[in-house]
Structures are given as structure tokens and as C-alpha cells.
Amino acid sequence: MARASLGVHEPLSGRYIHVKNRTQTWMGPAQMITDKVKLFLTFQVSAWVRIGSGANGPQNVNVALGVDNQWVNGGQVEINDDRWHEIGGSFRIEKQPSKVMVYIQGPGAGVDLMVAGVQIFPVNREARFKYLRHQADKIRKRDIVLKFSGAGSSSLSGTNVKVVQTQNSFPIGSCMSRTNIDNEDFINFFVKNFNWAVFGNELKWYWTEPQQGNLNYKDADDMVALCQKHNIETRGHCIFWEVQATVQQWIQALNKDDLMKAVQNRLTDLLTRYKGKFKHYDVNNEMLHGSYYQDRLGKDIRANMFKTANQLDPSATLFVNDYHIEDGCDTRSCPERYIEHILDLQEQGAPVGGIGIQGHIDNPVGPVVCTALDKLGILGLPIWFTELDVSSINEHVRGEDLEVMLREAFAHPAVEGVMLWGFWELFMSRDNAHLVNAEGDVNETGKRFLALKHEWLSHARGQVDVQGQFNFQGFHGKYAVEIDTPSKKIVKTFVVDKGDTPLVVPVEL
């Protein structure tokens, strides 16, 4: 991960620190770095770690920072063998500290810790963006040949052609709530800038059936109708949520048989009612962080939820969805754990069709995010960032964070869409994460977002060649071509889909 940022001129030397006689988990090498840290700068953390013998079960090792006696996680890894493991993470400090110490800690008392190649360095985001632009062009663009035919086409050579892309087909959506759809300014921004929607709460079980048998689908119905009116695709979030704190009290009071019936009723009610209306479903949210249904109904229940959902609505792609997959911060949901989890579901016959990475991330670092995507990409399933938000009190830094995530997603061949977890100040689940201020003004973060969307539209001008053709390269999506002939101006529309070979578009005049 560090090599992707620093290049090959920073090799590992083969030397390492060996920490012995550890009597506490926090014991390990440490260093003061107060005078090295600059405010609002994102620092990447990289280290290689190994543990000695005598460990009793898996051991967590992490690079931590003590910032004025507050603990900041710089990345962690779980170790269950005697090999070297890479830790990749990041941190940023947004208030002036008086003392910053970095330390490496984690294994249980009595377990030796070996540490090599610790590097902490400011991220060069511009260099990374340049590389990502090149990568995005390779996977999101296609060669296009406009082939003119019809009356007068033989004399078109030299005629002016103007091509304008009206929409990039890469899905970029946002979360919305029922209260939002009464806000005209909110809806105007939404419809103009997003082509997918996900509902914050209105499809969750605790919303649609707060008390047993008391069903409330009106909010979701209103939101589905709005999305259909504006040709916005929708994700169904979520059928179940595995974390116990999110499960309604009436469900928690049921015995095993009644709980099984309630689960079946929930699947039947929801997927029959909205059959064909949600392109995706998050079937059982955050299974790496909770196990409410599995603990009560047995290991099979998770795969059965997927199987039943697929039978009830075969048109929907069924997703797993979890957090801290991409940031190196949580060993419970590291990419390796997620892969293991998905393979386990598939082995039980669950038709898992997509991988959801929530993306509630702080100070993202491109190579760390990309490494997680590369690992998950081996499963061959589409990956979506399903709940993306970034947070900083500085709008410029926040905009840069958002650009990091959007560029990494857009330039990665396994990623097929991004959903923001909101954009309007009054309707965010995290502070300092908005793109549009409460009064409706687009802030610096929002301007970054709009500039990126503009960059991902291809436009071309030129002249028809002697073969009656016009060639250009453009992003996938919808286009309009304008031809100025001596007698009239002609406008035609066409669509560019994914493909490895040049797309020949016949334009009948």
C-alpha cells in the first residue's frame, strides 16, 4: 500500500524491532511526532508487523496515535500465524495538539511483537488523481465512430460536427428521506445531479412495521412514486438489519417459531409489494457486526433470507452491506473477513449478487481504499459504495476527501456505482459531511463534486472525414450529436454502452 504512494524508492531493509518481555497489551515501540504533524494534512500510515509464539488465539496489532491523551486509530490488523502482515491506515488532525505520540501495540501480554518499515508520510493526492484519471479513461471510455448516411451524406466531408454528452451512465446516487420530497430545492438538486436513490429509513423493518401487524408503507410508496416520475433507479435498504440495537422490541419478544414466521412475512410483504421496483436489496445489513437473527434462528437463516428474496423478486440484485471495509480500521470487517463471509454465504446457496461497502470514512487514502477493492474484486461481483460520506470541518479538505473516494471508485473496474449518504446540511447523519448548506448554497465540497461530474462528460468537435465518419473517444452514457449542413442543422441522440471494441453509431440524415 505504501509503495503505491511512495514508489519503489522506499524498499524494506530487512531490519526490524523485536519487542520482548511485554507485560501489557499497549507495550511496543513509540515516538513523539508533535513537531512533524501539520493541521488538515492527511497522513498515510504503513507498517509491517509479526508476532512471536505463545499467542492464545488471534491477536490485534495496531498503529495508534495519542493526540493530547485521545486515542486515534492509524490502522490495524488481526494476526493468527507467524507471517508478516501489512498495516495500512491514515489519520488527520484538525485541532492544534500539544502532544502527538505514535505507538504500535496490541498482542496480549507475553507475546513478542516485531515491527518493520514503519512509515508515516503526508499523502500526495494530486499525483494519485493524475494516475486515476488515466485509469478511468481506460475503463470508463470507449472509441466511437459516427457513420453518416442518407441523402446528401456523400458531400458531408468537412462539415462541422459537435458532440455533447448529456449523461454519464456510471450510477451516482444519494440517500433521501420522506421529509425531503416536500422540499422543492432539495428535489431540484437531487434530480439534476443523481440518477439513483436509496431511502434512509423508510424501507427498514422498524419503519414499515413499528408494532406487529401495524404496517406503514405510505412513506416508501411516496418516495418510489417520486423516483419513478424522475426516472431515478432505487436501492432497497434494507430488508433485515442484523445488529440487535436496531431490532424492534416486539420482534425481540417473539419465540423462535414466531420469529421465523415474522421473518417470512417480512420478506413476502416487502418483496411482493415492490416487485420489480427496487433494482438492489441489502438483504441483511451489517452481518459482520451483528448476529441477532443468526443467533436465534441458526446459521442457515442468512442464506435462506437471500434465497427467499431471490424467489420473490428474481429481478433484484441481492447485496451484502457493511462498514469499515475499505479503511484498515476494523479487523472484524477487513476485506479478507468480508470475502470469507461472502464465500460462506455462497457455499450455502445464497445468490449474493453484489458487494456493498458503506464508505463512512475519515481521511481516506487512495492506495488503502484501492487495495481493499482489489482484494474484493477477486470474487467477480459488482462492488458499490452504498452509503458514502466524508467529514471535515474544512470544506476544501472535505471536498478533497470526497474526490479521493469518487475517483477511486470511478477508476476501479470492479466498482459499478456510488451512493452518497446524503448531501444537504439539515439531513445528514454525520456532522460536517454536507455538500449543500442549509440555505441551499453549494459549498466548496459540493463544488468539487459538481466539477468531477462535469469532468466525466465527454464533448468533441471536429469535421466529417472523407469516409463520411467522425471519430472520438468518450465516457459511457447518453449523447447528442449536432451536424451543420449547408441547408439545415440536424441533431441526433445516441447511447454509448460498455465494450472493448470501437462502437460504430450509424447516423441517418
Side-chain angles (χ1 to χ4, degrees), residues 40 125-126 128-130 132-133 135-137 140-141 163-176 180-181 183-198 226-227 230-233 359-361 364 366 369 384-412 415-460 474-480 496:
F40 291 109
R125 284 178 160 174
E126 270 315 309
R128 180 74 182 172
F129 288 168
K130 187 178 174 185
L132 293 172
R133 282 186 193 99
Q135 290 298 106
D137 283 357
R140 305 285 176 199
K141 278 187 172 178
V163 179
V164 174
Q165 186 170 11
T166 54
Q167 189 183 29
N168 189 309
S169 60
F170 184 78
I172 298 180
S174 175
C175 158
M176 60 156 63
N180 298 151
I181 72 176
N183 180 329
E184 198 178 321
D185 294 334
F186 181 98
I187 293 302
N188 286 343
F189 188 94
F190 199 106
V191 169
K192 192 174 175 187
N193 294 292
F194 300 106
N195 51 14
W196 277 70
V198 62
L226 178 98
C227 291
H230 293 287
N231 295 316
I232 291 169
E233 300 284 7
H360 302 292
I361 190 168
V369 173
W384 280 59
F385 282 100
T386 54
E387 305 180 17
L388 177 62
D389 58 18
V390 295
S391 175
S392 171
I393 55 174
N394 183 311
E395 287 176 9
H396 294 272
V397 173
R398 191 192 318 157
E400 218 174 65
D401 282 357
L402 185 60
E403 185 170 350
V404 167
M405 295 304 292
L406 291 173
R407 284 197 186 277
E408 290 295 339
F410 194 64
H412 201 284
V415 178
E416 294 194 5
V418 175
M419 307 292 293
L420 302 188
W421 201 243
F423 61 89
W424 198 286
E425 185 174 13
L426 299 174
F427 311 116
M428 303 297 293
S429 56
R430 282 175 85 190
D431 291 336
N432 304 311
H434 54 285
L435 285 62
V436 179
N437 298 335
E439 300 76 26
D441 305 315
V442 177
N443 61 25
E444 293 303 324
T445 311
K447 286 173 187 172
R448 277 276 183 126
F449 171 72
L450 295 177
L452 260 186
K453 289 207 52 156
H454 181 73
E455 182 187 316
W456 293 336
L457 292 173
S458 302
H459 307 305
F475 290 113
H476 310 134
K478 294 178 182 172
Y479 286 82
V496 176

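Heads up: numbering here begins at 1 and tracks the sequence. The shown structure was predicted, so the numbers you read here are calculated from the model rather than taken from an experiment.
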Q) Side-chain contact, heavy-atom cut-off 4.5 Å: Glu455 with Arg407? A) yes

Is there a side-chain contact between Ser458 and Lys141 in this structure, where contact means two heavy atoms from C-beta onward sitting under 4.5 Å apart?
yes

Smallest heavy-atom separation, Tyr479 atom then Phe475 atom, equals OH-O, 2.5 Å

Between Ala136 and Ala411 the two heavy atoms that sit nearest each other are N-CB, 4.0 Å

What do the steps show when you test His230 against Leu226 for side chain to side chain contact (heavy atoms under 4.5 Å, CB included), and what is the final call? CA-CA 7 Å; His230 293 287; Leu226 178 98; 4.0 Å; yes

- Message: Under 4.0 Å between a side-chain nitrogen and a carboxylate oxygen: does that hold for Lys447 and Glu444?
- Response: yes

| What do the steps show when you test Glu387 against Arg430 for salt bridge (charged side-chain N to carboxylate O under 4.0 Å, His left out), and what is the final call? | CA-CA 12 Å; Glu387 305 180 17; Arg430 282 175 85 190; over 6 Å; no

Practice prompt. May I ask you to decide if Ala433's main-chain N or O and Asp389's side chain share a donor-acceptor pair within less than 3.5 Å?
Written response: no

- Is the side chain of Asn193 donor-acceptor paired with the backbone N or O of Leu450 at a distance under 3.5 Å, no angle test? no

State, with a plain yes or no, whether a side-chain heavy atom of Asp185 is found less than 4.5 Å away from one of Val436. no

Scanning both residues in full, the closest heavy-atom pair of Met419 with Thr386 reads CB-O, 3.3 Å

Hits for ring pair (Phe, Tyr, Trp, His ring centres under 6.0 Å) against Phe385, two or more places apart or cross-chain, chain-then-number order -> none

*Side-chain heavy atoms of Ile181 within contact of Phe186, under 4.5 Å*: no

To the nearest 0.5 Å, atom CE of Met176 lies from atom CD1 of Ile232 at 5.5 Å

Open item on the list: Any side-chain to backbone donor/acceptor pair from Asp441 onto Asn437? Under 3.5 Å, distance only.
Closed with: no

Item checked: Any Asp401 side-chain heavy atom under 4.5 Å of Thr445 side chain -> no

### Message
With side chain to side chain contact (heavy atoms under 4.5 Å, CB included) as the criterion, how do Val418 and Trp196 come out once you've worked through the C-alpha distance, each side chain's angles and the decisive distance to 0.1 Å?
### Response
CA-CA 9 Å; Val418 175; Trp196 277 70; over 6 Å; no

Exactly one candidate in Arg125, Arg398, Arg448 meets side chain to side chain donor-acceptor pair (under 3.5 Å) with Glu403; the answer is Arg448

(Q) Is it the case that atom CG in Asp431 sees more than 12 heavy atoms from other parts of the structure closer than 6.0 Å? (A) no

Residues Pro364 and Met405: closest non-hydrogen pair is CB-SD, 3.5 Å

Value for CG (Leu426) from CG (Asn183), rounded to nearest 0.5 Å, stands at 8.5 Å

Sequence neighbours excluded, the answer for ring pair (Phe, Tyr, Trp, His ring centres under 6.0 Å) partners of Phe170 is Phe410

When rounded to the nearest 0.5 Å, the distance separating CH2 of Trp456 from NE2 of His454 is 13.0 Å

For the backbone of Ala460 and the side chain of Gln165, can you confirm whether one donor and one acceptor N or O come within less than 3.5 Å of each other? no

Dump the intermediate steps for side chain to side chain contact (heavy atoms under 4.5 Å, CB included) on Val404 and Ile361, then the final yes or no. CA-CA 11 Å; Val404 167; Ile361 190 168; over 6 Å; no

Quick check: do Trp424 and Asn180 have side-chain heavy atoms less than 4.5 Å from each other?
no

For this session: Take Val198 and Cys175 through the test side chain to side chain contact (heavy atoms under 4.5 Å, CB included) and record every step on the way to the result.
Result: CA-CA 5 Å; Val198 62; Cys175 158; 3.9 Å; yes

Worksheet item: Does Lys478 NZ have over 12 foreign heavy atoms under 6.0 Å away?
Response: no

Interatomic distance, NE2@His360 vs CG@Leu388, rounded to 0.5 Å, equals 8.5 Å

Hits for ring pair (Phe, Tyr, Trp, His ring centres under 6.0 Å) against Phe194, two or more places apart or cross-chain, chain-then-number order -> Phe190, Phe423, Phe449

message = Could you check whether any side-chain heavy atom of Leu132 comes within less than 4.5 Å of a side-chain heavy atom of Glu408, counting everything from C-beta outward?
response = yes

Side chains of Phe40 and Ile393 in contact at under 4.5 Å (non-hydrogen atoms): yes

Taking Ile172's backbone N and O only, do any of them form a donor-acceptor pair with Asn195's side chain (distance below 3.5 Å, no angle check)? yes

